[in-house]
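To start, the structure under review is shown below, and the notes come after it.
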Amino acid sequence: MWCFFVSGPRKDLMAEQEEDRHLKLAGDLDCIPEPLPTLRHSTSHVMAQAVKQLFPEVRVAIGPAIEDGFYYDFRRATPFTPEDLARVEARMRELVKADLPFVREEWARAEAIRHFKEQDEPFKVEILEGLDVPAVSVYRQGDFLDLCRGPHVRSTRGIKAFKLLSSSGAYWRGDERNPMLQRIYGTAWLTQEDLDTYLWRLEEAKKRDHRKLGRELDLFDFHDVAPGAPFWLPNGMILVRELEKFAREHLDARGYQEISTPLLIHKRLWEESGHWEHYSEHMFKVEVEEEIFTLKPMNCPPSTFVYRRALRSYRDLPLRFSEMGRCHRNERSGTLTGLVRVRQFTQDDAHIYCRPDQLQAEIVGILDLVREWYKTFNLQPTFKLSTRPEKKLGAEAQWDAAEHALAEALKVTGLAYDLNPGDGAFYGPKIDIYVEDVLGRSWQIATVQVDLVMLPERFKLEYIDRDGQPKRPVAIHRAIFGSYERFIGILTEHFAGAFPTWLAPVQARVLPVSEKHLEYARVVFARLREARIRAELDDRNEKLGYRIREAQVRKVPYMLVVGEREAQNGTASVRRRTGEDAGAIPVERIVSDLAAEIGSRSATLTVGRSA
RNA sequence: GCCGGGGUAGCUCAGAGGCAGAGCAACUGAUUCGUAAUCAGUAGGUCGCGGGUUCAACUCCCGCCCCCGGCUCCA
């Protein structure tokens, strides 16, 4: 997987693993033998029981516990409607009340196959036929029996706090060539409080949806003439620009050199890199005078031209080329989602070319950046080291050195990390960085990939070493925001649109109490403008309360109310968007406090708090 | 791409084979207001796009586009 910096949220991982376990029945159990997964697993059985009772024509597939809940897949001619779900849930509550014990039985495999054939449950038969074991276990509660390795709660009575959430199509065994089944998702918790908290979180996530906030705050727009590509509105463009400025300041200070490579690239380059063979279906192609060009889907091959332009000495290394690289990937239409899954995006990309002995120090430098940057946004990063996969290129010794460099870099930086053996790219090991947002959702944004072979070998990159001999440099691909689009989507949800002042499209809004105070309001407004503070003057003919509400809804960090008293004293009454009234403060102090808060990129509102 | 649900005013949404609707926003006027919505009036539409059925289509049928929830994909 080359240069693939943008990938989906981690929430799906667990579902996949659960599904795998069910299908392969490779472990000893069907869910983690802890109270919550067990409870959810049992709840899915009860759901299947209820569905079978209400809709006997339905055939059952599988039903694992997943993060935050469970699902069960059914074959049914028509999808489940919300009314169906309500009936199923009501029946489940009856089954819970009935206090049916979960009973485990051991059956011979052949016996199980015969039973499920009799029951006309083809999916169960298919699972059983794929098993290479003499005996299997089944679980029974009341009139429902399912192939399952458990564990389960003692009785349906153990299920208390649950709710069915949605239904949708899902392929049998997750393969799109297989028939589409109907999946019902639900959630289950140990206590009603936990369930309520979870449901609140879902509601909160809806309110924070960046697509909704993007519209409400005039950040960006989408149009059907450009699916998967945002139109940045003035407010949203401020976010882009502030992030770019932030990145450039840090990169300049760390010896990165910014470059920019063409968007439109002849297919020849991708043939050379190998992408044409494996990736061309994702590339947008453009015919120019009978030649095929592509919109670049990644920046790495183009960036090698910058390296190759000159004969490099060991003394030149490391070379750190950063690029705000605009990429296009032809993602399947059904996968596009707001800013977090797009066809056009801008990576905060960089390719570092270094000597093998410099690798560790470079990784340390990148990890420092990651830590520093995410701290600014109050995002908690976690690190995952992925090591050599089975199918790989490059010598063992190179891999040893690279994996060692990554692990040591993590240790030197004092970072805890998880190991993900075998999950590296075929051309080198990598560190993926996940962030958890304020709602506890996990996203993979940053990635640091060591490239031992891809760019260096394919493009025959060289430097002249101390001994006068040409050597291959090591390349590092890295992105920290991942892409500006996705990062802004995540930030929007993380902050619920209430961006720190340095990012806020409008940092302060001046509100004259009435027309009589407009003249002074203009003075205050001009002063803020002069100090390069993004200010607005709300001189509309509306009551103060109306304009306060409006500013509040727009999440403007500071409202500066000016009336008779303020005009006389050269002050403004500061109201924070948190609702706090900071009282009347001299305008000059507001300006200097604001400048300090913006300059330090503080995540908290500090104006009026200084001594 | 697949399954399902949608697309009606800038936004949120109602309507439904026979004159296109509401609230908010916008605009105009009145009001001159002290910390989350002042009052009145005016204007606003290719009912996603294209075809078909019909005396008549926003409404029914067919095709397409886009969005939403999932699935799949994310060498």
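Within every chain, numbering begins at 1; the chains are lettered A, B, ... in the order of the sequence lines, protein sequences first and strands thereafter. Only this structure's heavy atoms are used, side chains among them; waters, hydrogens and symmetry mates stay out.
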[X] side chain: which of [options] is closest?
{"X": "Arg549(A)", "options": "U72(B), C73(B), A36(B)", "value": "A36(B)"}
{"X": "Tyr546(A)", "options": "U35(B), C67(B), U38(B)", "value": "U38(B)"}
{"X": "Arg332(A)", "options": "G34(B), C73(B), C3(B)", "value": "C73(B)"}
{"X": "Pro227(A)", "options": "C67(B), A36(B), C68(B)", "value": "C67(B)"}
{"X": "Gln552(A)", "options": "C73(B), G34(B), A36(B)", "value": "A36(B)"}
{"X": "Ser514(A)", "options": "G34(B), C73(B), U32(B)", "value": "U32(B)"}
{"X": "Asp224(A)", "options": "C66(B), G34(B), C33(B)", "value": "C66(B)"}
{"X": "Gln182(A)", "options": "G34(B), C66(B), C3(B)", "value": "C3(B)"}
{"X": "Val561(A)", "options": "U35(B), C33(B), C73(B)", "value": "U35(B)"}

Atom-to-atom span, [atom1] of [X] to [atom2] of [N] - whole angstrom:
{"X": "Leu85(A)", "N": "G70(B)", "atom1": "CG", "atom2": "C1'", "answer": "13 Å"}
{"X": "Arg554(A)", "N": "A37(B)", "atom1": "CZ", "atom2": "C1'", "answer": "16 Å"}
{"X": "Arg215(A)", "N": "C24(B)", "atom1": "CZ", "atom2": "C1'", "answer": "14 Å"}
{"X": "Leu511(A)", "N": "A36(B)", "atom1": "CG", "atom2": "C1'", "answer": "12 Å"}
{"X": "Tyr171(A)", "N": "C71(B)", "atom1": "OH", "atom2": "P", "answer": "11 Å"}
{"X": "Leu336(A)", "N": "G70(B)", "atom1": "CG", "atom2": "P", "answer": "14 Å"}
{"X": "Leu518(A)", "N": "G34(B)", "atom1": "CG", "atom2": "C1'", "answer": "16 Å"}
{"X": "Tyr185(A)", "N": "G70(B)", "atom1": "OH", "atom2": "C1'", "answer": "6 Å"}

Flag the pair [X] and [Y] as a salt bridge only when some basic side-chain nitrogen lies within less than 4.0 angstrom of an acidic carboxylate oxygen.
{"X": "Asp432(A)", "Y": "Lys384(A)", "value": "no"}
{"X": "Arg554(A)", "Y": "Glu216(A)", "value": "no"}
{"X": "Asp423(A)", "Y": "Arg388(A)", "value": "no"}
{"X": "Glu536(A)", "Y": "Arg509(A)", "value": "yes"}
{"X": "Glu204(A)", "Y": "Arg201(A)", "value": "no"}
{"X": "Arg173(A)", "Y": "Glu126(A)", "value": "yes"}
{"X": "Arg341(A)", "Y": "Glu331(A)", "value": "yes"}

Whom does [N] pair with, Watson-Crick or G-U wobble, provided both distances fall under 3.5 Å?
{"N": "U54(B)", "answer": "none"}
{"N": "C27(B)", "answer": "G41(B)"}
{"N": "A36(B)", "answer": "none"}

Indicate, with a heavy-atom threshold strictly under 4.0 Å, whether [X] touches base, sugar-phosphate, or nothing.
{"X": "Glu566(A)", "result": "base"}
{"X": "Ser167(A)", "result": "nothing"}
{"X": "Gly583(A)", "result": "nothing"}
{"X": "Glu550(A)", "result": "nothing"}
{"X": "Lys543(A)", "result": "base"}
{"X": "Gly563(A)", "result": "base"}
{"X": "Arg343(A)", "result": "nothing"}
{"X": "Glu542(A)", "result": "base"}
{"X": "Ser166(A)", "result": "nothing"}

Will you find, in the side chains of Thr501(A) and Glu597(A), an N or O donor that is under 3.5 Å from an N or O acceptor? yes
Please report the distance separating the [atom1] of [N] from the corresponding atom of [M], rounded so that it comes out in whole Å.
{"N": "U12(B)", "M": "G69(B)", "atom1": "P", "value": "14 Å"}
{"N": "C73(B)", "M": "A20(B)", "atom1": "C1'", "value": "42 Å"}
{"N": "G45(B)", "M": "G4(B)", "atom1": "P", "value": "36 Å"}
{"N": "G15(B)", "M": "A9(B)", "atom1": "P", "value": "15 Å"}
{"N": "G34(B)", "M": "C47(B)", "atom1": "C1'", "value": "45 Å"}
{"N": "C2(B)", "M": "C64(B)", "atom1": "P", "value": "9 Å"}
{"N": "C27(B)", "M": "C13(B)", "atom1": "P", "value": "24 Å"}

Does OP1 or OP2 of A26(B) have a side-chain N or O of Arg540(A) closer than 4.0 Å? yes
Does a side-chain N or O of Arg547(A) approach OP1 or OP2 of U35(B) to a distance below 4.0 Å, or not? no
